[in-house]
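In what follows, a single structure is set out as structure tokens and then discussed.
Please read all numbers here as calculations on a predicted model, not as lab measurements. Position 1 is the first residue of the sequence, and the numbers go up from there.
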Amino acid sequence: MSKKYFQLLKKSKFICILAIMIFNKETAKKTAEVLLQINAIKLSPKEPFTWASGWKSPIYCDNRIALSFPPIRNYISEVMGKQIEAQYGRPDAIAGVATGAIGIGMLVADYLGLPFIYVRPDAKGHGRKNQIEGFIEGGQNVVVVEDLISTGKSSLNAVKALKEAHVNVKGMIAIFTYGFEVADQNFEKEGIELYTLSNYENLLEQALDTKYISEEELKTLAEWNSNPSEWNAN
């Protein structure tokens, strides 16, 4: 493994040391491995993807693919469930962030035998005009489940809606984070603790260990993460 390029990762602040943390390295590497195996995460430094934001990116992540693989979705929901109880105790409910985390959030709630709710990006414009779907009472404790963290804005929007409903948010758990510094800043600003099963640093380490990427591609991936909005695919 190239120490030189992983030093570049450190300098680029891939490890979120303030508000965003992984549970442990073993889980981070294992989660990265299974997500790569099913192409829930794709790394393509030579032929970058274009995100909806217009950013060019050598990585694309769609963790909803894990729902189509029972052993992997069971692994993710079981690890999340166990870590939630270990970190936060037993909450009154699990809250998923729509739409990406509805599936995995419901599986986590089922594993723990807890009620499940989910939070829309905005309140509906018709009917009961709900933003929070499902039954929850003010004063109850929830842990929020998310599938992917980029800047954290949509995830924290869900937290805001829960707090406005007087629900106590004990913390958040997600499958994966890109490790953007802005996300760490956003979570720290809102005082929300986030744990993820895996992150960008451990993903690249696992990809290099299994020869999914070369050391030259690792360098490209590191450069992108240090400044994704300005990264030039060429």
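- The line from CD1 of Ile173 to CE of Met21 is 11.5 Å long, rounded to the nearest 0.5 Å.
- Ile94 approaches Gly105 most closely through the heavy-atom pair CG2-O, 3.7 Å.
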### Message
side-chain contact (heavy atoms from CB on, under 4.5 Å), that's the test. Do Gln206 and Leu35 meet it? Break it down for me.
### Response
CA-CA 11 Å; Gln206 180 66 26; Leu35 293 177; over 6 Å; no
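- Looking at Lys29 and Asp209, their side chains come closer than 4.5 Å, going by heavy atoms from C-beta outward.
- The two residues Ala183 and Gly152 have their closest heavy-atom pair at CB-N, 4.4 Å.
- Here Ile41 contributes atom CD1 and Ile65 contributes atom CD1; the two are 10.0 Å apart, rounded to the nearest 0.5 Å.
- Side-chain atoms of Thr31 and Tyr75 form a donor-acceptor pair, as typed in the model, at a separation below 3.5 Å.
- Without hydrogens or angle criteria, Gln131 side chain to Pro121 main chain gives a donor-acceptor distance under 3.5 Å.
- Between Val159 and Glu190 there is no side-chain heavy-atom pair separated by less than 4.5 Å.
- Remark: Ile102 CD1 to Leu107 CG distance equals 12.0 Å, nearest 0.5 Å.
- Between Thr220 and Trp231 there is a side-chain heavy-atom pair separated by less than 4.5 Å.
- Listed for the Thr196 side chain is a donor-acceptor partner under 3.5 Å among the backbone atoms of Ser198.
- In this structure a side-chain-to-backbone donor-acceptor pair under 3.5 Å is present from Asn186 to Val182.
- The number of heavy atoms from other shown groups lying within 6.0 Å of NZ (Lys42) does not exceed 12.
- Between Ala101 and Asp147, the shortest heavy-atom contact is CB-N, 3.7 Å.
- Between Glu216 and Lys219, the closest side-chain pair of non-hydrogen atoms falls below 4.5 Å.
- Rounding to the nearest 0.5 angstrom, the gap separating the CG atom in Leu194 from the CG atom in Leu156 is 8.5 Å.
- Looking only at side-chain heavy atoms (C-beta outward), Val142 and Pro91 stay at 4.5 Å or farther from each other.
- Residues Asn225 and Leu204 form no side-chain contact, since every pair of their non-hydrogen atoms from C-beta on lies 4.5 Å or further apart.
- Between Ala95 and Phe116 the shortest heavy-atom distance is C-CE1, 4.3 Å.
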Exercise. Quick one: do Val144 and Val169 satisfy side-chain contact (heavy atoms from CB on, under 4.5 Å)? Show the steps, please.
Key: CA-CA 7 Å; Val144 179; Val169 178; 3.9 Å; yes
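- Between Thr177 and the choices Leu203, Asn199, Leu148, the side-chain contact (heavy atoms from CB on, under 4.5 Å) rule is met once, by Asn199.
- Heavy atoms of other residues, nucleotides or ligands lying less than 6.0 angstrom from NZ of Lys25 number more than 12.
- Val143 pairs in a side-chain contact (heavy atoms from CB on, under 4.5 Å) with only one of the listed residues (Glu85, Lys170, Gln83, Arg90), which is Lys170.
- With sequence neighbours left out, the ring pair (Phe, Tyr, Trp, His ring centres under 6.0 Å) criterion links Phe49 to Tyr60.
- Of all non-hydrogen atoms in Ala32 and Asn202, the two that sit nearest each other are CB-O, 4.2 Å.
- Side chains of Met80 and Val145 form a contact here, defined as non-hydrogen atoms less than 4.5 Å apart.
- Partners of Tyr111 under the ring pair (Phe, Tyr, Trp, His ring centres under 6.0 Å) rule, at least two apart in sequence or in another chain, do not exist in this structure.
- Pairing each heavy atom of Ile136 with each of Ala93, the nearest pair is CD1-CB, 3.8 Å.
- Residues Tyr88 and Asn141 are not in side-chain contact: their nearest non-hydrogen atoms beyond the backbone lie 4.5 Å or more apart.
- Judged by distance alone, the side chain of Asn130 and the main-chain N or O of Glu133 form no donor-acceptor pair under 3.5 Å.
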- Query: Can you list the steps and then say if Thr99 with Arg64 is a side-chain contact (heavy atoms from CB on, under 4.5 Å)?
  - Reply: CA-CA 10 Å; Thr99 57; Arg64 288 169 293 191; 3.9 Å; yes
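- The backbone N or O of Ser44 sits nowhere less than 3.5 Å from a side-chain atom of Glu47 that would complete a donor-acceptor pair.
- How far OG of Ser77 is from NZ of Lys82: 10.5 Å, rounded to the nearest 0.5 Å.
- Expressed to the nearest 0.5 Å, how far CG of Leu112 lies from CG of Asp110 amounts to 9.0 Å.
- Note: Tyr178 and Trp55 fail the aromatic proximity criterion, with ring centroids not under 6.0 Å apart.
- Residues Tyr195 and Gln87 have side chains that bring a donor and an acceptor to within less than 3.5 angstrom of each other.
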Steps toward side-chain contact (heavy atoms from CB on, under 4.5 Å) verdict (Phe187, Met172)
CA-CA 10 Å; Phe187 276 89; Met172 185 181 296; 3.9 Å; yes
